[in-house]
Amino acid sequence: MNSSSIFRDGLLAGQVALVTGGGSGIGFGIAEQLAGLGAHVVLASRSVERVEAAAERIVAVGGKASGVSVDVRDADRVREVVTDIAGSHGRLDILVNNAAGNFYVPSEQMSANAWRSVIEIDLNGTFFCSQAVMPVMRQQGGGRIINISMTLHYRGWPMMAHATAAKAGIDALTRTLAVEWASSRIRVNAIAPGPIPTEGVRKAFAAPLGGVDASGLAEAMTEHAERTIPLGRWGTPADIGQMVVYLASPGGDWITGSILVVDGGEWLSRPTVASMP
Ligand code: HXC
Ligand code: NAP
């Protein structure tokens, strides 16, 4: 398995990874890479059907994987899942906080619940999962936490106040936990992906809302990406998965508190959404 990886076979053998939102898109790409190098990967999201089907795809090509249902907004359930993993596998080496929710909505029309939903999934979920794995990782002598952020908050990004605020919070959390937990040999880093055309992104663009027709945004973004990504292509889940492996590997042993942009140079050359046709 994983003959195309630049990493050596079996690099992560014997290790256990938890990937939230691992049943789709980027999370699945990350899970594939980790499993391809020998880790047992637990895929976790709200839909047990989705994560179990995704785990089966990994197992079908020779990897080790399982699925578990969790809503990362529920701190008690998150702790239960982590306790179960530690109990059944004896360890938990890698946490990838990838689960997120997102949709375009003008800020003045965003309901309190819409704001809360995205903040709770992205920011609270990242904190709850990190907090839950910490004692397990400390007790076993260390671990790696990798948060999936974004770059849209590096500049203003209209109609995404909730997600940009949440991801800015995740960046802050990454740096703070990196310092706070370094003495427990827990490394905490983040990856900021550029645009990767997953189902989740299509869904985030889909809804015409509150009198603002957002249905043309997907096409505008596609055209924008092809025109402006300096390295000339969209990203892929594998692009992110390989960076996760690097950060999780001994090669990343002296890296903590870093936020690594993996975006083909996109954000540096990006106009704001407001300036798109
Ligand atoms: C306005 C919306 C909305 C929309 C939901 N809401 N979708 N408001 N526009 N398109 C509002 C609802 O009306 C409700 O508020 C509140 O949000 C909660 O909605 P629910 O559907 O009840 O919530 P929940 O089941 O918690 O769903 C979570 C979700 C959903 C975030 C709302 O979209 C989801 O499950 N998303 C997962 C997939 C996803 O979004 N992936 C995107 C990742 S891509 P009221 O007031 O009515 O109760 C990404 C990067 C993009 O993050 C980068 C682009 C380049
Ligand atoms: P995606 O396929 O929609 O992934 C989101 C995942 O999160 C889904 O598997 C979903 O599964 C899970 N999830 C949502 N709410 C959850 C909850 N409350 N509890 C547990 N799991 C939950 O989208 P994606 O594009 O791959 O995004 C993955 C990550 O990359 C996100 O953090 C996103 O912000 C980030 N990102 C993406 C892009 C991009 O262009 N694609 C760019 C920058 C950053 P369930 O529905 O089963 O719960």
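Read the numbers this way: they start at 1 and go in the same order the structure lists the ligands and their atoms. The shown structure was predicted, so the numbers you read here are calculated from the model rather than taken from an experiment.
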Below 4.0 Å from ligand 1: does a non-hydrogen atom of Ala100 turn up there or not?
yes
Write out all pairs satisfying ring-ring contact (aromatic ring centres under 6.0 Å, His included) with one or both partners inside residues 175-203, taking only residues at least two apart or from two chains.
none
Pick whichever of Trp157, Tyr104, Phe103 has a heavy atom sitting closest to atom 7 (N) of ligand 1.
Phe103
Measuring from non-hydrogen atoms of Met160 to any atom of ligand 1, is the shortest distance under 4.0 Å?
no
Closer than 4.0 angstrom, basic N to acidic O: yes or no for Arg233 and Asp239?
yes
Any atoms of ligand 1 less than 4.0 Å from a non-hydrogen atom of Asn113? List them with their elements.
14 (C), 15 (O), 16 (C), 18 (C), 45 (P), 46 (O), 48 (O)
Give the ring-plane orientation class for His162 versus Phe103, where under 30° counts as parallel, over 60° as perpendicular and anything between as tilted.
perpendicular
Counting heavy atoms under 4.0 Å, the part of Ala114 that contacts ligand 1 is both
Have a look at ligand 1 and work out which part of Arg73, if any, has a heavy atom under 4.0 Å from it: side chain, backbone, both or neither.
side chain
CD1 of Ile191 to CD1 of Ile148, rounded to nearest 0.5 Å, is 4.5 Å
In terms of heavy-atom contacts, Ile186 and Arg138 come closest through CD1-N, 4.1 Å
Mode of Arg46 contact toward ligand 1 - side chain, backbone, both, neither (heavy atoms, under 4.0 Å):
side chain
Give me the one residue out of Ile229, Thr151, Thr228 that meets side-chain contact (heavy atoms from CB on, under 4.5 Å) with Pro195.
Ile229
Are any side-chain N or O atoms of Asn124 and backbone N or O atoms of Arg73, one a donor and one an acceptor, separated by less than 3.5 Å?
no
Measuring from atom 50 (C) of ligand 1, which candidate in Asn98, Ile148, Asn102 has the nearest non-hydrogen atom?
Asn102
Ile6 and Gln242: which non-hydrogen atoms are nearest, and at how many Å?
CG1-OE1, 4.2 Å
Counting only non-hydrogen atoms and a 4.0 Å cut-off, the residues near ligand 2 are Gly21, Ser24, Gly25, Ile26, Ser45, Arg46, Ser47, Arg50, Val70, Asp71, Val72, Arg73, Asn98, Ala99, Ala100, Ile121, Ile148, Ser149, Met150, Lys167, Pro193, Gly194, Pro195, Ile196, Thr198, Gly200, Val201
Looking at NE2 of His153 and CG of Asp171, how far apart are the two atoms once the value is rounded to the nearest 0.5 Å?
3.5 Å
Run the numbers for me: atoms of ligand 1, each under 4.0 Å from some heavy atom of Ser111, listed by number.
15 (O), 45 (P), 46 (O)
Answer yes or no: is there a side-chain heavy-atom contact under 4.5 Å between Leu11 and Val245?
yes
